[in-house]
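Lettering of chains follows the sequences in order, A, B, ..., and the numbering in each one begins at 1. Owing to the predicted nature of the structure, the values given are computational and were not obtained by experimental measurement.
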2 protein chains.
Amino acid sequence: MSSPRSARNGGSDGSSAKRTPDAGAKPAERGIPEATVARLPVYLRALTSLSERSTATCSSEELATAAGVNSAKLRKDLSYLGSYGTRGVGYDVEYLRYQIAREIGVTQDWPVVIVGIGNLGHALANYSGFSSRGFRIVALLDADPARQGEDVGGLGIRSFDDLEQLVEEQRVAIGVIATPAQAAQDVCDRLVAAGVTSILNFAPQVLSVPDGVDVRKVDLSIELQILAYHEQRKSLAEAGADLETIDAIEKVI
Amino acid sequence: MSSPRSARNGGSDGSSAKRTPDAGAKPAERGIPEATVARLPVYLRALTSLSERSTATCSSEELATAAGVNSAKLRKDLSYLGSYGTRGVGYDVEYLRYQIAREIGVTQDWPVVIVGIGNLGHALANYSGFSSRGFRIVALLDADPARQGEDVGGLGIRSFDDLEQLVEEQRVAIGVIATPAQAAQDVCDRLVAAGVTSILNFAPQVLSVPDGVDVRKVDLSIELQILAYHEQRKSLAEAGADLETIDAIEKVI
DNA sequence: AGAAGTTTGTGAACGTGAGAACAAACCGAG
DNA sequence: CTCGGTTTGTTCTCACGTTCACAAACTTCT
């Protein structure tokens, strides 16, 4: 895994983007475990929800329930950020919310470009959850001239050739790929060359990127297939048969 | 976690749906590790791609590269399914592809309902990756009468009230939720009551379901936030400053 | 047939994550 | 001020996942 161009995918649960274990020189470098990082946005959302209901403080138990995890895990996750709670009392909702937002980095604004404005691209462009959480879509790009000029969610679709200029001018660090699979790697290469260092990939395609670039993938059909696996097991189990036997028989066939 | 209605979310990397550890009576029960299950669809896709290029056999190294993992992990994953390779030679592409497809359960056809046909629902309904991989969308449901009747990808949008009848008649086991967050739990409850036992949730909302029901979530803004976290660390590191110091200073403020 | 070269499958070491349990710290009542 | 109740932060243990390393098994060449 020391090639200059290694795919940074894998991980334990479908989508992922692990940083190289030894990204820095120091051994620990105050690193928050990846599993915890993935849960922080969930806590943030739960806190926002509590805040909207004018809740001033909450216990780890309440917050954990709202976030769908157990309280021990929650407390351990929060302990990586620091000691922001008060024993015997709980957490101040607003304070904790700000601390998590700061740790994730969503107190600042992140400009984002979306490439590939098909069905999915349209949905992403219209998704309000981005702007409300520190992300600002600065451009919608598509290689197809027929689509260019069309207005989607208040933004015009522009040529993919505008990419380099855009990234430089607006300091875009995050790109979203919503193109067909066969175009994904080329688009990815252009994004990286233009200076994008974080990519969210919706195309069903393994992307290979140089070190220092993070890729996370969201793959709809993979999620369904994982569900299908469990569903199949359920129906087999329901049939009251011994799973090993069935598998053994099927394999012989 | 023994409540009759426990949220089955969490997991190490964003989206997930762990089964209860002791789902069956036996200790092992030929269970394939969850992390492996999540990668099988990736291998399946890589094999399909190789097959389309008329490749008859491949080594674990080749397949691993195509799937974006390292070869040791690939071999270990495949070893949970059985011994389908030949030492000194590699794997027969077609044979292995069928074995993985059978293990996942995509050799059969899975009827799927999609609830909530907004922007995202439209995109999902038009996504060709479902049908080509063993999933058949049997209905698009929406509670909004204004949307009902509209044709999306060859299917008419129907009333959400048709759900129960549909699930029974077509033996639907998998449901996709693409509604706004505030409707998600209600829709989820209706789906479960109707007999759906696997749910793919796109709404930014923690769902609570009874035991025996699997939920996987796909959350776009969470993925972006995870990227933002790493992006922030990158820019701090690039500034050449000691991360601990910066964090310490910011926290005092 | 035997030797040399490949490649799989797996045992063992290592690292990471989850959960239980508990001491430390805080609040409020008396 | 002290005591009892509450809740956090942390330690310890166990389970899971990843990676290394190598024997077993196969092919090919001589």
Side-chain angles (χ1 to χ4, degrees), chain A residues 1-2 6 8-14 16 18-22 27-28 31-40 43 56-65 67-93 95-96 99, chain B residues 1-2 6-14 16 18-23 27-28 31-40 43 56-65 67-93 95-96 99:
Chain A
M1 269 292 219
S2 63
S6 64
R8 191 90 64 72
N9 288 11
S12 66
D13 218 350
S16 78
K18 287 212 158 43
R19 311 223 53 209
T20 38
D22 53 351
I32 297 178
E34 197 56 34
T36 297
V37 171
R39 281 187 295 266
L40 290 180
Y43 303 153
T57 66
C58 69
S59 68
S60 64
E61 195 65 45
E62 292 172 74
L63 184 53
T65 303
V69 300
N70 83 22
S71 62
K73 201 192 297 193
L74 172 77
R75 287 199 301 277
K76 183 170 245 187
D77 283 342
L78 294 185
S79 78
Y80 290 114
L81 313 189
S83 277
Y84 296 134
T86 312
R87 298 176 191 217
V89 179
Y91 301 94
D92 181 291
V93 172
Y95 182 59
L96 183 58
Q99 292 301 337
Chain B
M1 272 286 217
S2 63
S6 63
R8 193 89 64 71
N9 289 12
S12 66
D13 216 350
S16 78
K18 286 211 160 43
R19 310 226 52 208
T20 39
D22 53 352
I32 298 178
E34 196 56 35
T36 298
V37 171
R39 281 187 294 265
L40 290 180
Y43 303 153
T57 67
C58 68
S59 69
S60 64
E61 195 65 44
E62 292 173 74
L63 185 52
T65 303
V69 300
N70 82 24
S71 63
K73 200 191 294 195
L74 172 79
R75 286 199 303 276
K76 175 143 274 195
D77 283 342
L78 294 185
S79 77
Y80 290 114
L81 312 188
S83 277
Y84 295 135
T86 311
R87 297 176 191 217
V89 179
Y91 300 93
D92 181 291
V93 172
Y95 182 60
L96 182 58
Q99 293 299 338

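- Within the structure, every side-chain polar atom (N or O) of A:N70 is placed at least 4.0 Å from both OP1 and OP2 of C:dA18.
- Side-chain contact between B:R39 and B:V69 is present, with at least one heavy-atom pair separated by less than 4.5 Å.
- Shortest non-hydrogen contact noted between A:A67 and A:Y43 is CB-CD2, 3.7 Å.
- In this entry the distance linking CD of A:E34 with P of C:dT16 reads 12 Å, nearest Å.
- Taking atom CG of A:L74 as the reference point, atom P of C:dG17 lies 16 Å away to the nearest angstrom.
- Between the CG atom of A:D77 and the P atom of C:dA18 there is a distance of 7 Å, given to the nearest Å.
- Per the geometry, CG belonging to B:D92 stands 13 Å off P belonging to D:dT27, to the nearest Å.
- For B:S71, the side chain to side chain contact (heavy atoms under 4.5 Å, CB included) partners are B:S60, B:E61, B:A64, B:R75, not counting sequence neighbours.
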Would you tabulate the nitrogen or oxygen pairs shorter than 3.5 Å linking the protein to nucleotides 8-13 of chain C?
unit_1: C:dT8; atom_1: OP1; unit_2: B:S60; atom_2: N; d: 2.5
unit_1: C:dT8; atom_1: OP2; unit_2: B:S60; atom_2: OG; d: 2.6
unit_1: C:dT8; atom_1: O2; unit_2: B:R87; atom_2: NH1; d: 3.4
unit_1: C:dG9; atom_1: OP1; unit_2: B:Y84; atom_2: N; d: 3.4
unit_1: C:dG9; atom_1: OP1; unit_2: B:G85; atom_2: N; d: 2.9
unit_1: C:dG9; atom_1: OP2; unit_2: B:Y91; atom_2: OH; d: 2.7
unit_1: C:dG9; atom_1: O4'; unit_2: B:R87; atom_2: NH2; d: 3.1
unit_1: C:dG9; atom_1: N7; unit_2: B:R75; atom_2: NE; d: 2.9
unit_1: C:dG9; atom_1: O6; unit_2: B:R75; atom_2: NH2; d: 3.2
unit_1: C:dA12; atom_1: N6; unit_2: B:K76; atom_2: NZ; d: 3.1

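- In this structure, CZ of A:R39 is placed 8 Å from P of C:dG17, rounded to the nearest angstrom.
- The two residues B:C58 and B:E62 make their nearest non-hydrogen contact at CA-OE2, 3.7 Å.
- A centroid separation of less than 6.0 Å is found between the aromatic rings of B:Y84 and B:Y95.
- In this structure, A:K73 places its NZ atom 17 Å from P of D:dT8, rounding to the nearest Å.
- For the 3.5 Å distance criterion, the side chains of B:T36 and B:D77 qualify, holding a donor opposite an acceptor.
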